[in-house]
Amino acid sequence: MSRVRPVPGGRAVEVEPERVAGWIRRFADRHGEIDVHVRETEVEIVAEDGARATFTTRGGASAEEVVERLAEPRRIGLVLVRLGGHSVGVAFGARVEVSATDRKQVHGRIRAGGWSQQRFARRREGQARVALQAAADDVARVLVPRLAELDSVVLGGDRQALDVLRDDRRLSGVFAKAEDRVLDVPEPRRSVLDEAARRARCVEIVIQDTRATGPAAGRMDTGEGA
């Protein structure tokens with residue numbers, strides 16, 4: 001089943017590249033005749049009833065060529081970070097070729113007041129700093145030497161934690177190749193990294209639907225059953 005998340009003005013769905021052509025056909029079945037506009041970096045699909053769908057391309061001068069190139073295997077860097085845990089890797093297609101996963105202890109918050117709370121907060125801050133430094137070190141070790149081989153980088157996890165890594169000068173090239181999307185992932189571990197590699201292949205299609213939708217519409221527009 002395709003993953004769907006809300007975005008401003010609509011929703012975004014992750015569709016495996018091999019299923020994009022079928023997804024477009026079903027979008028037309030539901031919304032009527034479509035016009036497909038292929039631009040330099042984006043495809044926009046406008047339906048007869050006003051519904052729109054857009055997704056980023058990887059080259060191609062026609063809709064058929066765009067879909068064909070979407071299915072070409074790519075080598076993708078993966079950076080998954082949450083406070084206390086991280087998983088970093090390189091995937092070709094859906095297979096992780098090299099990875100590093102680690103977890104550092106970071107205590108949760110407490111509600112008690114006074115000096116105890118302040119000491120606890122300082123301790124927690126120190127633990128978080130150590131954990132994020134370890135994450136940055138693994139990104140530098142695993143991805144930076146392989147930057148020239150990567151087609152893109154896909155991020156996942158906590159945005160604030162990722163912003164801390166973004167400030168590390170060693171990782172500027174990694175974040176320069178990062179896609180706009182940030183995958184929602186649980187606590188990073190190797191199994192989560194494997195799932196992220198599969199999701200990183202997917203094309204994120206943003207849908208703006210002018211019509212009321214019910215359960216059947218949700219199944220149709222997410223590409224389920226392709």
Side-chain angles (χ1 to χ4, degrees), residues 1-80 91-95 150-157 159 162 175-185 192 194-226:
M1 182 175 180
S2 301
R3 288 176 178 262
V4 184
R5 67 181 179 89
V7 297
R11 61 197 181 281
V13 57
E14 295 175 8
V15 179
E16 294 175 355
E18 298 84 2
R19 301 174 67 183
V20 170
W23 188 95
I24 294 173
R25 287 194 297 271
R26 288 191 305 281
F27 184 80
D29 289 342
R30 167 150 183 82
H31 296 283
E33 186 176 348
I34 61 172
D35 290 322
V36 181
H37 306 282
V38 179
R39 303 191 175 96
E40 184 176 357
T41 60
E42 182 184 73
V43 167
E44 180 185 37
I45 304 168
V46 182
E48 184 178 5
D49 68 353
R52 293 172 181 265
T54 58
F55 58 89
T56 301
T57 70
R58 298 167 193 158
S62 65
E64 292 76 14
E65 189 176 352
V66 164
V67 170
E68 182 179 343
R69 292 196 180 185
L70 288 174
E72 293 176 354
R74 298 187 302 153
R75 184 163 278 107
I76 300 174
L78 298 164
V79 180
L80 312 180
F92 183 69
R95 184 176 67 87
L150 301 181
D151 294 295
S152 70
V153 173
V154 173
L155 309 175
R159 290 178 182 269
L162 288 166
F175 282 93
K177 286 196 169 186
E179 299 182 12
D180 291 337
R181 59 176 167 165
V182 175
L183 302 179
D184 54 317
V185 297
V192 174
D194 289 336
E195 174 64 16
R198 290 188 285 270
R199 291 177 62 191
R201 293 185 64 248
C202 292
V203 180
E204 186 171 73
I205 303 177
V206 175
I207 308 158
Q208 295 175 313
D209 189 352
T210 59
R211 298 176 61 179
T213 57
R219 289 195 298 272
M220 186 67 73
D221 285 349
T222 59
E224 188 174 346

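Only this structure's heavy atoms are used, side chains among them; waters, hydrogens and symmetry mates stay out.
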ask   = In terms of side-chain geometry, is the basic nitrogen of Glu16 or Arg201 positioned less than 4.0 Å from the acidic oxygen of its partner?
value = no
query = What heavy-atom pair brings Val7 and Ala12 nearest, and what distance separates the two atoms?
reply = CG1-CB, 3.7 Å
Where Ala51 and His31 come nearest, the two heavy atoms and their spacing = CB-ND1, 3.4 Å
task = Please report the shortest heavy-atom distance between Leu78 and Ala91, naming the atom on each side.
result = CD1-CB, 4.1 Å
task = Could you check if a side-chain atom of Glu14 sits within less than 4.5 angstrom of a side-chain atom of Arg198, using non-hydrogen atoms only?
result = no
Note, Thr56 side chain near Glu204 side chain (heavy atom, < 4.5 Å) = no
query = Checking Arg181 side chain against Ala200 main chain: does a donor-acceptor pair fall under 3.5 Å?
reply = yes
request  = State, without any angle test, whether Thr57 and Arg69 hold a side-chain donor-acceptor pair at a distance under 3.5 Å.
outcome  = no
query = Is Arg58 close to Glu72 at the side-chain level, that is, under 4.5 Å between some pair of heavy atoms?
reply = no
Side-chain donor or acceptor of Glu48 paired with backbone N/O of Glu33 under 3.5 Å = yes
message = Quick one, Arg39 and Thr54 - any side-chain contact, counting heavy atoms below 4.5 Å?
response = no
key: From Leu155 atom CG to Lys177 atom NZ, the distance as rounded to the nearest 0.5 Å   = 13.5 Å
task = Taking the side chain as every heavy atom from C-beta outward, state whether Phe55 and Leu70 have any atom pair closer than 4.5 Å.
result = yes
key: Shortest non-hydrogen separation from Val203 to Pro17 and the atoms involved   = CG2-CA, 4.2 Å
ask   = Does the side chain of Arg199 come within less than 4.5 Å of Val185's, by heavy atoms?
value = yes
query = Of all heavy-atom pairs between Ala53 and Ile205, which one has the smallest distance, and what is that distance?
reply = CB-CG2, 3.9 Å
key: Any side-chain heavy-atom pair of Ile34 and Ile24 under 4.5 Å   = yes
request  = Hey, can you tell me if Phe27 and Trp23 have their rings parallel, tilted or perpendicular (30° and 60° cut-offs)?
outcome  = parallel
ask   = If you look at every heavy atom in Ile76 and Leu150, which pair is closest and at what distance?
value = C-CD2, 4.1 Å
